[in-house]
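Lettering of chains follows the sequences in order, A, B, ..., and the numbering in each one begins at 1. Small disclaimer: the values here were computed from a predicted structure and weren't measured.
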Amino acid sequence: MSEEFNWLDYAEPAESAPEPPQRSGRRRFLPRLPSLPRLPRLPGRPIMPGLPRLPMPALLRRRRAEATLEQPSATDLLGGHDERPLDELDDRLLSLRERSVASAQPSAESRQELYDVDDVLVTPEILEKPGGVISAVALSKAQQQQIELLRDIVGGAPQANEPSGRRLLRAAPLFSLSAVPRIIGTGIILLMVSLPFVSPDFAEGERPPSDFDEDRHGAIAVYNLLDNLSTADFVLIGFEYGPTAAGELDPLADLLIRHIVAQGAKPLIVSSKPIAIVHAQNIIREINRSVASAELRLERGSDYHILRYLPGGSLGLRELSENFADVVRVSAKGELTGLVIKSLSEMSLIVLLAEYAEDMRNWAEQVMPEADGTRLLAATGYAAAPIAQVYADAMDEIAGLLVGYRDVYTYGEKLAFNFGELPQAQPEVAPASPETATVPPVETTGEQAAQLERVLSTAFPSPTKTVLPTATSLPTTTPLPTVTSPPTATHLPTATATLETIRIVEVISPQQVRIRRGPTTADDILQLARAGDSFEVTGANGDESWYRIALSNGLDGWIAAFLVEERMVTAAEFRSGQASASANLADERVILWLESIVSLGKTRPRFYQSDSPAPGDELEYIWMRDRSQEAPRLHAMTFGTLAAILLIAVGNVFYALAALRRRGREAQSE
Amino acid sequence: MGRGSRVGMSAFVAFIVGVAAILSLLLGDNPALFGEQPGSDELARRLALPGDALLRLVVIIVAVSIVIGIANLLFAHIGRLAQRKFTSAVLLASFGFTIYWYVTRQGDTSLLEAVQVPIESSLAALLFLSLAQGGARVMQKRADIWGMLFVVVVLVVLLGSLPLAELAPVKTWSDWLMAVPVSAGARALLLGMALGAIVAGARALLGQDRSYRG
């Protein structure tokens, strides 16, 4: 048997049974244990009578010879490790070994079946020597490069008569014609992704809605659960992503943390990835940078905690669930947190930011069984979503799931809308200007008035109540967006005013419908409407497929005609119905808004620069983040996907046609 | 100690430790299993102790192994400096600079955001380009019905992800693909992993799963 590594040793097993491997002359300190009698083999099971001991490749033998005691190499350790004698192997291991040896044979079929990797791993060609004896393997240049690089990596010295890997790489051409299609494809994708950042004209694609659709129960649950947190709550955040997923998950992490701290709850951040711990600290640093006043900045150790790293992956998470009290005792910097929390069940919520499906699996399987009723909210990237969705559907403990950048946009819009804007004014009472909007006087009676009174008295005790005597003098809101009416609108006849009837549309779609800035689905969404909502019609587009309607905030919006039913009503009827609906809506929102102040005012308000907001005070919101790049990013995603679709479609059509032509030629030649 | 003795001993230790950990995690801290008898709480607490101890032991060993791994990496690259390996010098310099930065700037970790996040994000973005290029060449490698099916599914899912109202019908197909076949595949994977974990654990406990090198 040749001592050299030779492919044909596998193809043609040695005729004579090789001598069984003998142990080297090491001393035995204990006698070998007697072997148990073997079970009879099943008839027909092929067992190779004996396998040749594989000779060590020349490279490994050289490395072993070069290694010294002071500088042992991995190769040396590998070479010095005795294999188990074959007679110690049971049938299963023998069978496995037999299969692995058999699979090492390069066959003609395997060359054809190397799907998509044959550019990288070229099957070696077998060269025939003049004497007709096949005994050498010819390596391609690419393979030689790979071997030389591998030798560099494992610390082997370059061979004297062989060119080194680096020299070979240097000699390789930097450009070849075969790379042209790839370069063009990459260039097209990069160009299309860049366009939305260059000019706002490239804004293809609908933006995500400003509120989650009704069928997104999980996403709605995430928002609502976080929105119901209060200052007494602790939220455990599993920060399971590193720099690789930062582009996709940073905005999600930023929003969720802002929402939690805005509610006054305290996040406890923990991770089984050491780098994620550092990254989480940096996310909070960025949040603090976006807050102008030092009073509102989050302080480590009081407003939030970053707990120690959990080594061991899934085992580390198991330890978190089993020994939660110990884990929360020490921070990532090794300091005592002062937290006395006995178990996971004392957490109000668990929020998981997962980069991989594996993270979701580990948390669902190792942590949640010990959570004892505490619910988990998950936020993942698109790659982990399919597996995460399975867990979200199957486990009651998982309350909701946010996925990717589109959910970030909607979540941010919803958060901004609910906390950033006060109840909208009715146009008749307080017409909205592009700059500011004030809260209209809200006439409340009966139960609503009592509820408002209760909330106000809780929120602002007597001294403060003088600052905010009624719900009508609430602080100024953030600027409202200006709306430009599309020039193509055709105004409807104005005779309705003299007849005291107006043209209205009522939403008939059972699902939420979108009111847009213009008469196309590409225009921005201004607000959502539900079945039964009615609006005054102020115009329509040319074919009346879209109606221009007056919104309650004084702006104009557009709604698709097939979603609504048109009819004529008297102005008085419409106004009375609208006023009643608006008052109810405004009351509800004033109450909600004030209740948020009540909950925040329990300890330290996170929304305002002063503890007692007065009219004219500038509001500063902890949730405010730079969202200027969100729309271009969304459009870039759309353009990038479009470019990929084009590339895939064109490329495959081209290659399919080429394959058809090739097969036609082969058929003709046969 | 002979090889056979060593192998037998390691299998025995693995079996004992594994069974103890499983029983402890299963029965510990679960007094309901022992009924309403006096002392069941204490019994359940005691039964949890071995599992907790083993779990902590593993976690500590993993943590220490990280430190050893870092030290080994450094020593290996220090050794490679003698061979004039430029890449090792870069690695060691980066290591030293990061430590220096962290210590002299009171724990400033902005280097992570300034260097590593952009680099890793760029590499992740390159994956998109590679996948698009690979997707464009499917029919070059496999011009048959399966390749065609693959391309069609990819295009349907990508088209369905586009936020364009004109593609609403495609979105319906895309949603179905994601909700039914993809979800079924994901569930099958999870079931397979769970079954595989159980089988691998049982084989390791019974001493059957050892590499043929020992």
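- Looking at B:L123, there are no atoms closer than 4.5 Å to chain A (heavy atoms on both sides), in backbone or side chain.
- Among the candidates A:E322, A:E248, A:Q281, A:H279, the residue making the largest number of heavy-atom pairs closer than 4.5 Å to chain B is A:H279.
- Most heavy-atom pairs under 4.5 Å with chain B: of the set A:L96, A:I275, A:L310, this distinction falls to A:I275.
- Your options are A:K333, A:R318, A:E365, and the one with the most heavy-atom pairs under 4.5 Å with chain B is A:R318.
- Contacts of A:E370 with chain B are absent, with no heavy-atom separation under 4.5 Å from either backbone or side chain.
- Residue B:I61: no heavy atom, backbone or side chain, is found under 4.5 Å from chain A.
- Side chain to side chain, B:Q133 and A:T186 meet the donor-acceptor criterion of an N or O pair below 3.5 Å.
- Considering only heavy-atom pairs separated by less than 4.5 Å from chain A, the leading option among B:L131, B:D52, B:V182, B:V58 is B:D52.
- For B:M193, the part sitting under 4.5 Å from any heavy atom of chain A is the side chain, from C-beta outward, and nothing else.
- Counting all heavy atoms, side chain and backbone alike, A:P243 lies closest to B:L112 at CG-CD1, 4.1 Å.
- With a threshold of 4.5 angstrom between heavy atoms, B:S65 does not approach chain A through any atom at all.
- Test B:V138, B:V154, B:L155 against A:N652 for side chain to side chain contact (heavy atoms under 4.5 Å, CB included) and you get one pass: B:V138.
- Heavy atoms of A:Y309 lying under 4.5 Å from chain B belong exclusively to its side chain.
- Across A:T244 and B:A124, no two heavy atoms sit closer than the pair O-CB, 3.7 Å.
- When the candidates A:P311, A:G313, A:A357 are compared by the number of heavy-atom contacts under 4.5 Å with chain B, A:P311 comes out ahead.
- Dense packing is recorded around OH of A:Y382, with more than 12 heavy atoms of other residues, nucleotides or ligands lying under 6.0 Å away.
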